[in-house]
Amino acid sequence: MSAIIPMKDIVSLCKRRGFIFPASDIYGGVNGFWDYGPLGTELKNNIRDLWWKSMVITPPLGLDGAPLQIVGVDTAIIQNPTLWKASGHVDGFSDPMLDCRETKLRYREDKLIVLKSKDGQGHALVFHEDAEQDTIDARLKKLARGKSSADFETVSLPEIDLSEYSNLIGPDTKKAGTLTEPKEFNLMLHTYLGAAAGEDNKAYLRPETCGSIFTNFKNIVDTSRVRIPFGIAQIGKSFRNEVTPRNFIFRSREFEQMEMQFFCDPKDDIKGWFDLWKNYRKEWWLSIGLSDENLNFHEHTQDDLAHYAKEGVGAYDIEYKYPFIAPGFDELEGIHDRSQFDLSQHEKFSSKKMQYQNLQTNEWYTPYVLETSAGLTRGVLAVLCEAYTIDENRPSGMYMNCHPSIAPKKAAILPLVAKDGQPEIAQKLYMEMREHMPVDLDIKQNIGKRYARQDEIGTPFCITIDPQTREDQTVTIRERNTMAQKRVHLDQVLGYVQGNLKYS
RNA sequence: GCGGGUGUAGUUCAAUGGUAGAACGUCAGCCUUCCAAGCUGAACAUGCCGGUUCGAUCCCGGUCACCCGCUCCA
């Protein structure tokens, strides 16, 4: 059981060693955006590449034991805005919202009704549109100064002029004038295409990478010789207007996803496929070094299922025990049943046939979709949290215990002293090794300092050239977690390190 | 979006209405030693804008960012 590391320690290590910086740091940053520094970029790329390998290059065997086909795409962040109308993102999540300053409650403007007195005197009362008559009567009795419901007319809130807001009593308060003016809540970030800004050329930055996977379904079936069941994978940036960016890179407005949409026959064993992906994806997180005790499956209840997943085999999140929520868990990846929702929607909105033909039966059908949607940037955070290890017995006081397969630097080459021909041997080894993996060559300062520096950035192996090297061509290899050393011949160093990089 | 807190060097922290310090890190030189990251030296900071004041890093206002609690998170 490892200790919970405060987020601020992780954030400051990231800054100090060049993993992650606030975006536009010199201007004071910008809420919800982060820049990846030299080591953070290596780390993120490593996680990204391993995902691609496990999903696209070497996907698992299917239910029948045959290798699955997963193909990749890399689509534009900006797509035709109709795509987001079809997906439900434009209309579903851009309703004007207003707040009550008194109760701190938030309402959708179109869900509220107003009881306005017919003589224009006194306060107007605001209710939820589905408020019970009993509730309305009770509040009128209390707040309407002798008037009865017959003295009021009902109007919807959007019809109320802003100048009248000071006269409104909110649904959950007794005071007038506590409601803020409605503001549009935009889930999606938008921009305008072309020089002139206007509603005609409004476009959206994608809120998820899967939208354009679905719109490419037909192109891929027509050109890529894939046959159902198969998957389409994509890694890329997405954007979302989070109300409150929070918890370092966990909830940010620009983030990166690793998604795969799996298309199968609706008559196929959906539950079987779903379980296959669910387990395969968890195994993958374990394979890059997250520990089982920090991972959790969370099954969505009917109430919190997304609009596309109300039916079907459900939705599971793979969750991680991030320090800011521990001992609880928060989302890392979603394994969701998207049913035939997306392809049906796109067929409706585009008037293009988004179906697939079973060549045995000549039957056309809309494929059934299962989604694995992992957060790459959330993965980086989970890996950083998992790796941060306190160790008071070493100079750095801590080390980053990240799996060698994702470590930003695989090895550091350190001549014990900067003389006696040691730097020359070190540089020769460095030139050889850097052809195969990211390695550091560090000659300055004493050896303890250099080990400490490598511990802080999670380098799994430190290779030290010492006086004995010139005698018998051996070096020491120091293992990061144990600090134990063994002597290895120079010719075998590369092989030794390579042999220890993979998941085992 | 609301409420509360915080903002001093790359990091972690001091101090002050009148010349802003330390540790670690970084860089240079020295040393040559397998990890209490040695020795000497150097560079680097009061988030931003405005107000009060002879003078503001300190007091006040605004703003931005971060943290906590709500809200939000298809």
Side-chain angles (χ1 to χ4, degrees), chain A residues 6-9 11-18 21-34 37 84 87-94 97-108 178 180-185 187-188 207-208 210-211 240-248 250-253 255 300 304-310 315 324 330-331 334 336 338 341-342 373 391-397 399 414-420 422 442-456 462-468 475-478 480 483-485 487:
Chain A
M7 281 302 293
K8 67 182 182 73
D9 292 350
V11 173
S12 67
L13 176 85
C14 284
K15 175 82 186 283
R16 188 155 46 87
R17 286 301 178 189
F21 308 121
S24 40
D25 202 4
I26 62 167
Y27 292 109
V30 50
N31 195 1
F33 296 87
W34 301 88
W84 306 114
S87 69
H89 286 87
V90 171
D91 299 321
F93 317 109
S94 61
M97 310 285 280
L98 61 154
D99 296 303
C100 175
R101 294 189 195 90
E102 182 75 13
T103 61
K104 313 299 179 203
L105 293 169
R106 169 168 288 183
Y107 311 96
R108 265 176 64 171
T178 64
T180 63
E181 62 182 83
K183 282 186 182 154
E184 212 169 293
F185 171 68
L187 171 83
M188 289 187 286
E208 54 187 19
C210 66
R240 228 174 262 191
N241 247 331
E242 297 289 355
V243 174
T244 314
R246 204 49 88 80
N247 295 323
F248 197 31
F250 178 79
R251 177 161 290 129
S252 48
R253 293 192 167 130
F255 55 100
H300 289 214
D304 53 36
L305 279 178
H307 60 280
Y308 54 74
K310 288 294 180 195
F324 56 78
D330 214 333
E331 186 180 5
H336 294 181
R338 295 189 76 116
F341 175 84
D342 300 273
S373 174
D391 181 358
E392 286 164 5
N393 294 319
R394 64 177 77 200
S396 51
Y399 62 104
L414 315 171
L416 189 59
V417 297
K419 61 174 193 181
D420 299 336
Q422 292 180 19
D442 193 355
I443 298 175
K444 302 273 179 163
Q445 299 177 317
N446 76 46
I447 192 69
K449 222 169 210 196
R450 287 176 281 160
Y451 283 151
R453 188 154 45 215
Q454 298 299 332
D455 280 348
E456 281 196 333
C462 285
I463 299 154
T464 303
I465 288 95
D466 63 12
Q468 195 182 327
V475 296
T476 62
I477 297 183
R478 168 191 183 270
R480 176 194 63 208
M483 296 192 284
Q485 291 179 297
R487 289 205 81 88

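Here the structure is a predicted model, which is why all the values come from computation and not from measurement. Order of the sequence lines fixes the chain letters, A, B, ..., with proteins taken first and strands second; residue numbering starts at 1 for each chain.
Rounded to whole Å, atom P of B:A65 lies 20 Å from atom CZ of A:F21. One atom, CD of A:Q422, and another, C1' of B:C34, lie 11 Å apart when rounded to the nearest Å. Atom CG in A:N446 sits about 15 Å away from atom C1' in B:U40, given to the nearest Å.
Between A:D466 and A:R487 a salt bridge is recorded (basic side-chain N to carboxylate O distance below 4.0 Å). Salt bridge A:D455/A:R478: present, at least one basic N to carboxylate O contact under 4.0 Å.
Checked by distance alone, A:T244 brings a side-chain donor or acceptor within 3.5 Å of a matching partner on the base of B:G1. Scanning atom types as modelled, no donor and acceptor separated by under 3.5 angstrom connect the side chain of A:Y27 and the base of B:C64. With hydrogens and angles ignored, a donor-acceptor pair under 3.5 angstrom links the side chain of A:R246 to the base of B:G69.
Residue-level contact check: A:D466 touches the bases, meaning some heavy atom is under 4.0 Å from a base atom. Residue contacts shown for A:I447 are limited to sugar-phosphate atoms, with no base heavy atom under 4.0 Å away. If you check every strand for non-hydrogen atoms under 4.0 Å, A:R478 touches a base.
Summarising the base pairing, B:U26 is matched to B:A42 through a Watson-Crick or G-U wobble pair whose two defining distances lie under 3.5 Å.
For the pair A:K15 and B:G10, the criterion of a side-chain N or O lying under 4.0 Å from OP1 or OP2 is not met. Remark: A:K449 is in phosphate contact with B:G38, judged by side-chain N or O atoms under 4.0 Å from OP1 or OP2.
A distance of about 13 Å separates the C1' atoms of B:C59 and B:U16, rounded to the whole Å.
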